[in-house]
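In what follows, a structure is listed as structure tokens, so that the remarks can point back to it.
Order of the sequence lines sets the chain letters (A, B, ...), proteins ahead of strands, with each chain counted from 1.
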Amino acid sequence: MSKPPALTFTDRGIYCAAGDFYIDPWKPVARALITHGHADHARWGHDSYLCTDIAAPVMRHRLGAINIETIPYGAHRQIGDAVVSFHPAGHVPGSAQIRVEVAGEIWVASGDYKLEDDGLSTPFEPVRCHHFITESTFGLPVFRWQPQAVVAAQINTWWAACRDAGQTAFLGAYALGKAQRLLSMLDPDIGPVLTHTAIENTNVILRAQGIALPDTVRADASLDPKAHTGALVLATPSALDSAWARKFGPRQTAFASGWMTMRGVRRRRSGDRGFVISDHADWQGLLDAITLTNAENIYVTHGYTDIFNRYLNDNGWVSQVVPTQFEGETLDPQSDPQVAT
Amino acid sequence: MNRFATLFTHVDQSTKTTAKVAALTAYFNAAPHADRLWTIALFSGRRPKRAVTTTKLRAWAAERAGIPLWLFEECYPIVGDLAETIALVLPPPTCVSTRSLTDWITLLKGLHDADEDARKQAVLDAWDHLPTTERFVFNKLITGGFRVGISQKLMTRALAAATGKQEAELAHRLMGDWTPETVTWQSLIEDEDAGARISRPYPFYLAHGLEGAPRDLGPPGAWQAEWKWDGIRGQLILREGAHFVWSRGEELMTDRFPELARAVSCFPSGTVLDGELLVWTDAGPQSFNALQKRIGRKTVPKKLLQDAPVILYAYDLLEWGGQDLRPAPLAQRRAMLEQACAGLPDDAPVRLSPTVPFSDWDALAQVRATARAATAEGVMIKRRDSPYRIGRKKGDWWKWKLDPLTIDGVMIYAQSGHGRRATLFTDYTFAVWSGNELVPFTKAYSGLKDAEFRQITAWVKKNTLQRFGPVRQVPPHHVFEIAFEGIQASPRHKSGVALRFPRMLRWRQDKPVQEANTLDDLNRMLETYG
Ligand SMILES: [Zn+2]
Ligand SMILES: [Zn+2]
């Protein structure tokens, strides 16, 4: 390669010299383009932020008074010698793959993504490029997601059984994205849906920007836990086993995550049920996404990087692992629910 | 298979004992007899004879999934279970079969005489007819090891609820070397005449480790003390002229200890003794190391029989004159045992394990401190008026072991754990200094808290020097105190020693790596305790 690549990987984040900006940087920079509002991608301390109009409200809520500019999906913007545009990543509402073009060389930094239309996020759109930066959170062939409707039926069956046994159903999910997706999958005829405050705060923001979510009841201190029989409570993982949860009397606990694929992990969570659903792509999803970009050069970030990278190289791509500080879908109950996605 | 897979899922996913028992009870009420029998067998560690090697299974699974074998092998340690890895990588079934658990097992048994092509075809066909959980169960039928957190106790409780029989009786019925081929549900569980089964042992009563100080147990006069021997817990059954030897793991070991056959002439028919199987020489009882040579052998060469003769060191009498003595208090059983063993010839294969007299708890503590010299692991403390209970019931029997031996080792390799800890690095290799060199001497994988494992996992990820498959080499940086129960010479190990039951006692973050122990230290321990 005679000229330097349009994007490089630095210890602050993914950097574009032609436009002097970073994508999802983890150290403070002057100009940050942000794929989505999860805490491992949208960090505090940059001088200016650029994200999609749909992603902005949650970021403001999380990061406070920041200097933020927005851009709709598909619109082009010239920054220095680079042309950038944001394209749906299907991960959470407002999440984007960021396309960067410099002198005819096209890069896509995809952040986190999934291919299935969850009915809430703008569905993933493949973007043709020469260089594609991909996550690999679930980059092993053991991960294969069922269609959302199948998982929805499993969850609703479990909830109805809890209700019939006089138990409150507690479903653990992270506050942004997974919680709202689950919410949209629940059958309101089974019973009322209560939400933990951290989740409800995000719901309020999304509703205010016109995203339709089913009705929920905020389960804060003022709520009488016994007044809602047959309820399902959406809670952050750290709240599942708290004093707050115990006030609801007899209950069952379930957890929804791609990691629930593995029996060992399900047992380690020691809840009553594990539902396999993720806002990240499964093995086939990753391969499909990469194929659809037509890119020859792949850069593998957070996840099973080494294994996934070897597979890509063995199958005709030119791939390399790049170190980042993105986190994927974590399971650690101690982590901040905002960080853990 | 669906019914069994559903049961498996319920039992596997629930952490609540009552829910597990309820699911099992419902299953025992509804499933066909043959399936019930197989379920009991599988949950108590019995399985059909292996029809296919795991090497073949892996290759076929990778081929069917359309992935290279190396990728399959990378997935396996992460998932932590072969049967599960296979179940997950395969494409979804094209149609779902309604065969029962027993039908599938029959099919597997038929594969023994089939050629390889037919075996492969049958297995691929099965995979293509089973959803993920059923597929996992099917693979487990081949590979074995249904670890589902179903203790024998939970299973007997559920069986009792389903059949109306007593738990104790059922526990007794389930003992022994039956397989679903040799018994029926009717003969194993229902038939009134259980007397025919003369080989059947009693469920072992197991002691708990003493938690506090022994004085918390109250007045010493209510207790009997014995040495805790370092052998294999065993039950010797003498009925109708035959003898049977059972290990605590419910393994029939009669053929491994032919010297015990002579016990038939030492006691009347209808005698069952509980005690320790150990090697006995002119010097008295020997340590576990001496027994080790005998354990792996199904038949024993004459020379070994002479060099390492085994006896049962008896400490309890469970049956006398054909009568079940377990409800009687220990003091009474002990008196009868002493009487039964009185006048045994010197070369009898059964000896009476003595009690350890003590006046107060301090005196017992002093006795315990000399356990290693007595080739014992510590002392047992048993309540004089206790019946012989079933399983690990707290309160009447305590083991008060010596503190383990310890050594400080340096972590040099790390490997991720299995199952529950698949996402953490939990299995480490440790080394000691030999001059400026680090010599690996043991592996250990338990003893730390999850939070510590998480911390070390993060460190390993950042500090990997080299990878060998799932194993990561790390710089010598962390020191751990390793506890173990015994040490012996082992030419197979680079360090020349092998440890018994090594585990991590503490992460010595206070200790610089230079201050870990040396190979000389290990050799000194070998001289003293080996
Ligand atoms: Zn994310
Ligand atoms: Zn991420």
TODO: Test side chain to side chain contact (heavy atoms under 4.5 Å, CB included) on B:Glu452 and B:Met504 and set out the steps.
DONE: CA-CA 12 Å; B:Glu452 289 174 314; B:Met504 289 171 265; over 6 Å; no
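Heavy-atom distances place the side chain of A:Arg144, and not its backbone, under 4.5 Å from chain B. With a 4.5 Å cut-off on non-hydrogen atoms, A:Asp306 touches chain B through its side chain but not through its backbone. Neither the backbone nor the side chain of B:Phe72 comes within contact range of chain A, judged by heavy atoms closer than 4.5 Å. Of the atoms belonging to A:Phe143, not a single heavy atom falls under 4.5 Å from chain B.
With rounding to the nearest 0.5 Å, the separation of NZ in A:Lys114 from CD1 in A:Ile277 is 8.0 Å.
With a 6.0 Å radius and a threshold of 12 heavy atoms from other residues, nucleotides or ligands, B:Lys56 has its NZ atom at or below the threshold.
Of the residues considered (B:Thr132, B:Leu90, B:Val89), B:Val89 shows the highest number of contacts with chain A, using heavy-atom pairs under 4.5 Å.
Taking the ring axis of B:Trp70 as reference, the NZ or CZ atom of A:Arg310 stays within 45° of it and closer than 6.0 Å to the ring centre.
At a threshold of 4.0 Å, the pair B:Asp12-A:Arg263 counts as salt-bridged, since one of the basic side-chain nitrogens sits closer than that to a carboxylate oxygen.
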